[in-house]
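Below is one structure, written out as structure tokens; comments come after it.
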Amino acid sequence: MKNHTIQNTERIGYSPAQFARACEKHPSWAYRALYSGKIKAVTSLGRLLIPASEVERIMATAETYNPKPKKRKAEKAAGKEMADAAS
């Protein structure tokens, strides 16, 4: 009888370096996230793997970057002058 294996092309886990590469970061960024508890990993046979479900969790909680417009120096100076005049 032949052994049948199912080939799964979908990843179930990522190394910290692969995870960092996917996020366009340095590998040490992924290790810092692991050590600080921001992401969770599993170890098997001495290898650290970040489950794909953990990556999906992080991506689901990600927010759209929407920076607040910064005040110009002239606007800051005018605001300070108004505050000084009010005192």
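Just so it is clear, the model here is predicted, and its values are computed rather than measured.
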Q: Please check if the side chain of Glu54 supplies one atom and the backbone of Pro51 the other of a donor-acceptor pair under 3.5 Å.
A: no
Q: Can you see which heavy atom on Ile50 is nearest to which on Ala41, and at what distance?
A: CG1-CB, 4.2 Å
Q | Heavy-atom side-chain proximity of Ile39 to Phe19 below 4.5 angstrom | A | yes
Q) Do Tyr35 and Tyr14 belong to the same hydrophobic cluster, where Ile, Leu, Val, Met, Phe, Trp and Tyr are linked whenever their side-chain heavy atoms lie under 4.5 Å apart, directly or via other members? A) yes
Q) Among all residues two or more places apart in sequence or in another chain, which pass the side chain to side chain contact (heavy atoms under 4.5 Å, CB included) test with Leu49? A) Val42, Arg47
Tell me which donor-acceptor pairs under 3.5 Å the side chains of residues 23-30 have, and how far apart each pair is, sequence neighbours excluded?
from, atom 1, to, atom 2, distance (Å)
His26, ND1, Ser28, N, 3.1
His26, ND1, Ser28, OG, 3.0
Ser28, OG, Arg32, NH1, 3.3

Name the atoms and distances for all side-chain donor-acceptor pairs under 3.5 Å in residues 59-66, with sequence neighbours left out.
from, atom 1, to, atom 2, distance (Å)
Thr61, OG1, Arg57, O, 3.4
Thr61, OG1, Ile58, O, 3.0

